Amino acid sequence: MLIAHITDLHLRTEGEMAFSGHVDTAARLAQTVDFLNGFKPAPDLVLVTGDLVDFGKAEEYANLRRVLDRLQAPAYLIPGNHDNRDNLRRAFPDHAYLPQSGFLHYVVEGHPVRLIGLDTLDQGKVGGLMCPERIAWLDARLAEAGDKPTLLFMHHPPYTTGMVRMDGYACVGGDAMGEVVRRHPQVERVVCGHLHRATVRRWCGTVISSSPATAPEVALNIHGQGIHGWVETPPYVGFYLWQDGGIVSHLTAVDPGKPAHPFVY
Ligand SMILES: [Fe+2]
Ligand SMILES: [Fe+2]
């Protein structure tokens, strides 16, 4: 099973530039869709972990649909802090896994790895929230499927990174969620977005990581030493390959201007 992961798309309305008018996030997503459609072996599905659009507007979701509809593999969407649950739901009525009301969390069955999408959106806040209701839902979903290998995906990382400004927008309730995860050792991996950077750590008996965005990267800034800003790196895609009883991950930049060259011996 090959799982692809993209995050933090930050689409605006068609033709509108993001990141202070400098970045065509729709073009970057289109480039990423082309890359995924051409990738061999074809991914079984694509996880899309939030900040799908920039302001949660219906017209932005229409633009997202326009680009994402070309994706050949099935996409599984969850919201981030820039999203709006109702507008997201309304734009993707054919995405039957999305609950009709309430939190946009769900389980994807039918694969060697069980996938659980979490909804950390705390509407109006930049940081995320795993409230007792959402944590109880996760606990019940993990309890119902025994030891089947499971991957959780969510927008806000429930751990700090040393990037102090981003740590201020982490996930409230992350520690309580972690206690639930610790009791369910079938959780092979947790993958996040929001940071616009690659990070990884051991966490509550599993491995947790964040991926860079299809939008630009957040500049690396540890303990406030440097700019709190962004860098126009290429879009990134994560892959999670279920193989030999474990999940091995790969991160790769999508940069059509820099093709691969064969080694010559
Ligand atoms: Fe983001
Ligand atoms: Fe975010």
Side-chain angles (χ1 to χ4, degrees), residues 4-13 16-32 46-57 60-61 63-64 67-68 75-85 87-88 103-105 117-131 134 152-174 177 190-199 208-221 227-238 251 253-254:
H5 173 212
I6 59 175
T7 192
D8 293 83
L9 287 45
H10 289 272
L11 259 68
R12 298 271 183 107
T13 55
E16 191 187 350
M17 305 287 268
F19 288 78
S20 311
H22 291 291
V23 179
D24 188 343
T25 46
R28 292 170 65 97
L29 177 62
Q31 217 174 67
T32 307
V46 182
L47 310 178
V48 191
T49 54
D51 286 358
L52 308 175
V53 300
D54 235 2
F55 295 109
K57 295 195 283 191
E60 294 177 332
Y61 287 110
N63 195 26
L64 173 66
V67 184
L68 214 51
Y76 290 91
L77 313 176
I78 55 166
N81 48 292
H82 285 258
D83 290 297
N84 175 287
R85 286 191 191 94
N87 287 343
L88 197 172
F103 299 119
L104 292 174
H105 51 198
L118 301 174
D119 177 343
T120 57
L121 172 58
D122 190 6
Q123 199 80 62
K125 303 260 178 68
V126 180
L129 176 64
M130 279 298 280
C131 59
R134 280 174 267 194
L152 311 182
F153 56 108
M154 61 199 294
H155 183 70
H156 295 87
Y159 57 95
T160 58
T161 62
M163 295 182 67
V164 288
R165 291 286 289 272
M166 297 304 286
D167 289 346
Y169 307 130
C171 188
V172 174
M177 174 194 161
V190 186
V191 303
C192 308
H194 187 57
L195 296 171
H196 294 224
R197 292 205 61 83
T199 68
I208 193 163
S209 59
S210 67
S211 277
T214 65
E217 237 176 34
V218 169
L220 180 58
N221 170 338
I227 290 169
H228 176 64
W230 54 276
V231 186
E232 196 167 355
T233 46
Y236 269 80
V237 172
L251 267 179
V254 176

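Just so you know, residue 1 is the first one in the sequence shown, and it goes up from there. Atoms within a ligand are numbered from 1 in the order they appear, just like the ligands themselves. These figures come from a predicted structure and were not determined experimentally.
His196 has its closest N, O or S atom to the Fe ion (ligand 1) at the position named NE2. Asp8 contributes OD2 as its N, O or S atom closest to the Fe ion (ligand 1). When distances from the Fe ion (ligand 2) to the N, O or S atoms of His155 are compared, NE2 comes out shortest. The Fe ion (ligand 1) lies closest to atom OD2 when only the N/O/S atoms of Asp51 are considered.
Atom CG of Leu52 and atom CG of Asn87 lie 12.0 Å apart (nearest 0.5 Å). The distance from atom NE2 of His156 to atom OG of Ser210, rounded to the nearest 0.5 Å, is 12.5 Å.
Tested against Glu60 for a side-chain contact (heavy atoms from CB on, under 4.5 Å), the candidates Asp54, Asn84, Leu11 yield a single pass: Asp54.
Distances from the Fe ion (ligand 2) show that His194 has an N/O/S atom below 2.8 Å. Residue Tyr169 does not count as close to the Fe ion (ligand 2), with no N, O or S atom under 2.8 Å. With a cut-off of 2.8 Å, the Fe ion (ligand 1) has no N, O or S atom of His82 in range.
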- For the pair Leu118 and Met130, evaluate side chain to side chain contact (heavy atoms under 4.5 Å, CB included) and give the outcome as yes or no after the intermediate values. CA-CA 9 Å; Leu118 301 174; Met130 279 298 280; 4.2 Å; yes

- Item | Worked check of side chain to side chain contact (heavy atoms under 4.5 Å, CB included) between Glu217 and Arg197 | CA-CA 6 Å; Glu217 237 176 34; Arg197 292 205 61 83; 3.4 Å; yes

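The aromatic rings of Trp230 and His22 lie tilted to each other, with the angle between the two planes from 30° to 60°.
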